[in-house]
Amino acid sequence: MFDVHATEEEDKLVLLSALHRLGGCTQEQLLRFVVETSLQSQFQFFLALGGLKEAALVRESRRLEGVLLFLTPEGRQSLELFGGRIRASQQEKLDAACPVWRRRIQDELQMPADWKETDAGFIVTLRALESGAEIFSMTLTAATKAQAKRFCERWPSRAPGLYQTIMARLGETENETNDGGNRE
């Protein structure tokens, strides 16, 4: 249940604190974090984030992983000065949830997936990033919107195994003879 007694100021401070603890993340990831941890409603989130962007306390940056949100130096300073105004109950939620969510968000950012609708169906792009560079990219066509979404949702958890399988099947194995890769 969301705390309906939160002020706009506290909503903004909660977002600043969450961004500080989570590191760079997409708007969607930050929204999921605050809603799923019952820190804010969607309405509170969009009002607070809009105010933070307008005040230049949060900035967007286009990266290989997508458009990420970051604190500006002014945002960090505001959090340092006023972070104590976040209620203890909200601080406890942040303390409890941020470490797990930070790892989850980092995993998602290393394995981005998105989809778009075209005349031929739903095009799904699945990627793997390492040290800021793309090491793998695959584009699939899904028959339905639900299937496209499912591919994207499952990609972060299944990417390592799929990547290893593809690399093993395409690469040389110990069983291959030195015949140029041809099999009989």
Side-chain angles (χ1 to χ4, degrees), residues 1-116 124-134 148-160:
M1 188 73 180
F2 300 106
D3 190 344
V4 294
H5 300 295
T7 64
E8 260 186 75
E9 176 190 72
E10 186 181 30
D11 288 342
K12 291 176 184 176
L13 289 170
V14 164
L15 286 185
L16 290 175
S17 183
L19 267 177
H20 175 71
R21 294 166 187 235
L22 297 173
C25 61
T26 66
Q27 181 172 308
E28 179 188 345
Q29 288 170 324
L30 185 59
L31 172 62
R32 283 192 342 251
F33 170 74
V34 298
V35 171
E36 289 181 26
T37 56
S38 300
L39 284 162
Q40 295 177 352
S41 68
Q42 284 186 344
F43 183 74
Q44 289 171 297
F45 171 81
F46 285 111
L47 280 178
L49 184 59
L52 292 171
K53 286 179 180 178
E54 189 175 306
L57 300 177
V58 171
R59 68 177 171 81
E60 292 181 333
S61 178
R62 180 163 294 285
R63 303 278 174 95
L64 190 58
E65 300 91 340
V67 178
L68 304 183
L69 298 172
F70 293 96
L71 291 182
T72 62
E74 295 81 8
R76 274 189 218 81
Q77 184 180 25
S78 294
L79 183 59
E80 289 171 11
L81 291 172
F82 304 110
R85 294 184 183 180
I86 299 173
R87 283 170 291 138
S89 62
Q90 298 288 74
Q91 287 285 10
E92 288 172 10
K93 287 179 185 178
L94 287 163
D95 291 342
C98 280
V100 171
W101 273 83
R102 180 179 179 89
R103 184 70 204 144
R104 177 177 169 185
I105 286 170
Q106 292 308 310
D107 287 348
E108 288 176 5
L109 291 176
Q110 293 301 304
M111 304 294 169
D114 57 15
W115 62 272
K116 64 181 176 182
V124 180
T125 303
L126 309 171
R127 301 181 308 145
L129 310 176
E130 189 173 289
S131 302
E134 185 173 274
K149 286 182 175 183
R150 201 167 40 254
F151 287 172
C152 291
E153 289 167 1
R154 291 178 177 171
W155 175 245
S157 65
R158 296 186 180 171

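Since the structure is predicted, the reported quantities are computational estimates derived from the model, not experimental observations.
- For the side-chain contact (heavy atoms from CB on, under 4.5 Å) criterion with Gln40, the lone passing option out of Leu31, Val14, Leu47 is Val14.
- For Gln44 (side chain) and Ser41 (main-chain N/O), a donor-acceptor pair under 3.5 Å exists by modelled atom type.
- In this structure, the side-chain contact (heavy atoms from CB on, under 4.5 Å) partners of Lys53, at least two apart in sequence or on a different chain, are Gln27, Leu49, Glu60, Leu69.
- Between the side chain of Arg85 and the backbone N or O of Glu10, no donor-acceptor pair lies under 3.5 Å.
- A donor-acceptor pair under 3.5 Å is absent between the side-chain atoms of Trp155 and the main chain of Thr125, judged by distance alone.
- For Asp107, the side chain to side chain donor-acceptor pair (under 3.5 Å) partners are Arg103, not counting sequence neighbours.
- Across every non-hydrogen atom of Gly24 and Ile105, the tightest pair is O-CG2, 4.1 Å.
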Which atom pairs, one a donor and one an acceptor, fall under 3.5 Å between side chains of residues 71-81 and the rest of the protein, sequence neighbours left out?
unit_1 : atom_1 : unit_2 : atom_2 : d
Thr72  : OG1    : Ala56  : O      : 2.8
Thr72  : OG1    : Leu57  : O      : 3.2
Thr72  : OG1    : Glu74  : N      : 3.4
Thr72  : OG1    : Glu74  : OE1    : 3.3
Thr72  : OG1    : Gly75  : N      : 3.1
Ser78  : OG     : Glu74  : O      : 3.0

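- The neighbour count for Gln91 CD, taken as heavy atoms of other residues, nucleotides or ligands under 6.0 Å away, is above 12.
- Between Met111 and Ala128, the closest heavy-atom pair is SD-CB, 3.8 Å.
- Contact record, Leu19 with Phe70: CD1-C, 4.5 Å, taken as the closest heavy-atom pair.
- Arg21 places a side-chain heavy atom less than 4.5 Å from the side chain of Asp95.
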